[in-house]
Amino acid sequence: MKRKLYRKLLEWKESKDRKPLLLLGARQVGKTWLMKEFGKNEYDNYVYINCDDEPLTRELFVNDYDIDRLLLSFQAISGQSIVSGRTLIILDELQEAPRGLHSLKYFREKASEYHVIAAGSLLGVTLSEHESFPVGMIDMLNLYPMDFEEFIDGVGEGAFTDILEHRDPQMVAPFDAKLTDLLRRYYFVGGMPEVVSSFIRNNDLTEVRRLQVNLFEAYRRDISKHASKRESIRIGQVLASLPSQLAKENKRFVYGAAKPGARAADFELAIQWLADAGLVYKVPRVSKIATPLTFYQDIVAFKLFFLDVGLLGCMAGVDAASLLLSPESLVEFRGMLTEQYVCQQLVAADFKPYYWSNTNTPAELDFVISTPADGPIPVEVKASVNVRGKSLSQFIKDNPEYRGIRFSLAGFKRQSTLTNYPLFSIPFYFQNGQILEPSH
């Protein structure tokens, strides 16, 4: 199974200004596998320390940060020797070791010749609460669920990846039906590596759904373990409300849908906890589409998407037959899953998505993104080949200085005012916060 972030790990290894690396991401997005795979392939050996499973790490960083002592301790726990520059040191679930995060500062200052990667399923939560975070002393990367490109490669359809990588619309067009079918499978299975691996091995959708349910249980255990009882209840209420929130035509998060009569103050901490844990993507509203978008962010209004499209479908109870055989029957859920999918692909491609709505009319743009080359770009999402929509067309008519983007199941088409990208092509045109040009 290939992960795109592997290339960035290679760049980190070769960097002359390399610092200890924090790999952030939610539970079960593949951090441990990726770190071990990287250590196995790119180093003579790797030392793996799980700070959650290994009791000896509870006191390891408490008394001091003597590097020689720490290195000897890592060797004793793992049974592996450590050679600078040739051994990868992996500190998994580092947030479970008291003062473990702060130790990375001393590896940077006193032992930068050692290659250290730290990770954890709740490192984001820990970072938001930590008082002595080693600012400027670490590198950071985010790992997300497998995007659609990684999925189709993983399920043995790499030939389509090769075709799509050319970004030649004429070459892709004959395979639209097959790629649309793969996209629907991705909507159901999602991008969680364990679930995808099971799907590859067994081709069993019942097992896929069972594993998705198990992942939810793991998330609930994390929430109960790391959040107060009162906050755990509120976090659970937010999660339970997501399918109904996203099934609405106006997908703005409504506190009252999570709990009748609730206000922002009731759920602010719960939503922030979920965002820090990597379980939700918060998409803020902007009051104006202009550079920089952050200046026009409305802190009150936002959409909230879940970590993974397959898990969202599981939460919503979307069955395989409806999604794979008669997706037209889903109505609201089809739009929900499509918008979730687009958000997930954009985030994985290093875009920060916003959305825009008019305070005086029902007009709304599903997303707004920005690139250094193009500035702000209004985005419309359509779940089918029917691309008729009023909001984007009207916005461009009122603001002719902008060119829009539409994601749909229609083929690639560039017009004077907007470009339509097939939904299945997003990871191939949108990469590293930039939009790539078609080859023809």
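Computed from a prediction, not measured in an experiment: that's the story for all the values here.
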Should we count CD of E249 as having more than 12 external heavy atoms under 6.0 Å? no
Is it true that S287 and D298 share a donor-acceptor pair across their side chains at a distance under 3.5 Å? no
With a 4.5 Å heavy-atom cut-off, do L365 and I289 have their side chains touching? yes
Donor-acceptor pair, T87 side chain versus S84 backbone, under 3.5 Å? no
A side-chain contact here means heavy atoms from C-beta on lying under 4.5 Å apart; do R285 and Q297 qualify? no
Show me the pairs that pass ring-ring contact (aromatic ring centres under 6.0 Å, His included) and involve residues 194-222, at least two apart or across chains. F216-F306
Using a distance-only test with no angle check, is there a side-chain donor-acceptor pair under 3.5 angstrom linking D92 and Y48? yes
Carboxylate-amine/guanidinium contact D139 R108, below 4.0 Å: no
Residue pair E42 / Y6, side-chain donor-acceptor N/O under 3.5 Å: yes
Side chains of N50 and E93 only: does a donor on one sit below 3.5 Å from an acceptor on the other? no
Give the C-alpha distance, both sets of side-chain angles, the deciding distance and a yes or no for salt bridge (charged side-chain N to carboxylate O under 4.0 Å, His left out) between K303 and E364. CA-CA 12 Å; K303 298 178 183 180; E364 180 176 308; 3.5 Å; yes
Name of the residue among L211, N214, V29 meeting side-chain contact (heavy atoms from CB on, under 4.5 Å) with E194: L211
Is the shortest side-chain N to carboxylate O distance from D204 to R209 below 4.0 Å? no
Step through the shown structure and confirm whether more than 12 heavy atoms of other residues, nucleotides or ligands are within 6.0 Å of NZ on K178. yes
Heavy atoms, side chains only, cut-off 4.5 Å: are I377 and Y402 in contact? no
I'd like to know whether CZ of R86 has more than 12 heavy-atom contacts from other residues, nucleotides or ligands below 6.0 angstrom. no
Do L21 and L104 make a side-chain contact, defined as non-hydrogen atoms from C-beta onward lying under 4.5 Å apart? no
Residue among Y429, F428, F407 satisfying ring pair (Phe, Tyr, Trp, His ring centres under 6.0 Å) with F412: Y429
Is it true that atom CD of Q170 has more than 12 heavy atoms of other residues, nucleotides or ligands lying nearer than 6.0 Å? no
Salt-bridge criterion met for R210 and E207 (N-O under 4.0 Å): yes
Tell me whether the centres of the aromatic rings in F107 and Y114 are closer together than 6.0 Å. no
Please determine which of Y355, Y281, F267, F253 meets the ring pair (Phe, Tyr, Trp, His ring centres under 6.0 Å) test together with F302. F253
Parallel, tilted or perpendicular: rings of F367 and F305 (30°, 60°): tilted
Under the salt bridge (charged side-chain N to carboxylate O under 4.0 Å, His left out) criterion, do K2 and E150 qualify, and how do the steps go? CA-CA 7 Å; K2 298 178 182 177; E150 293 170 323; over 6 Å; no
State plainly whether the residues R414 and E437 are in salt-bridge range, i.e. N to O under 4.0 Å. yes
Sequence neighbours excluded and cut-off under 3.5 Å, please list the side-chain donor-acceptor pairs for residues 236-247, or say none.
residue : atom : partner : partner atom : Å
S241    : OG   : V238    : O            : 2.9
S241    : OG   : Q245    : NE2          : 3.4
S244    : OG   : S241    : O            : 2.9
Q245    : OE1  : V254    : N            : 2.8
Q245    : NE2  : V254    : O            : 2.8

Can K4 and D153 be said to form a salt bridge (charged side-chain N to carboxylate O under 4.0 Å, His left out), step by step? CA-CA 11 Å; K4 293 179 181 179; D153 187 73; over 6 Å; no
Full working for side chain to side chain contact (heavy atoms under 4.5 Å, CB included) between D350 and N142: CA-CA 9 Å; D350 294 331; N142 286 286; over 6 Å; no
Hey, are Q344 and D308 close enough side-chain-wise for a donor-acceptor pair under 3.5 Å? yes
So does K259 have more than 12 non-hydrogen atoms from other groups sitting under 6.0 Å from NZ? no
Identify the residue among Y187, F430, Y186 that makes a ring pair (Phe, Tyr, Trp, His ring centres under 6.0 Å) with F148. Y186
Would you say that M140 contacts L24 through its side chain, given a criterion of any heavy-atom pair below 4.5 Å between the two side chains? yes
Aromatic ring proximity, centroids under 6.0 angstrom, F424 and F160: no
Within the 4.5 Å heavy-atom criterion, are I49 and I90 side-chain neighbours or not? no
Among V196, N202, V195, exactly one meets side-chain contact (heavy atoms from CB on, under 4.5 Å) together with S198. Which residue is that? N202
Any residue meeting side chain to side chain donor-acceptor pair (under 3.5 Å) with T419, in chain and number order, not counting sequence neighbours: R403
May I have the step-by-step check of salt bridge (charged side-chain N to carboxylate O under 4.0 Å, His left out) for D366 and K382, ending in yes or no? CA-CA 10 Å; D366 298 314; K382 293 295 180 183; over 6 Å; no
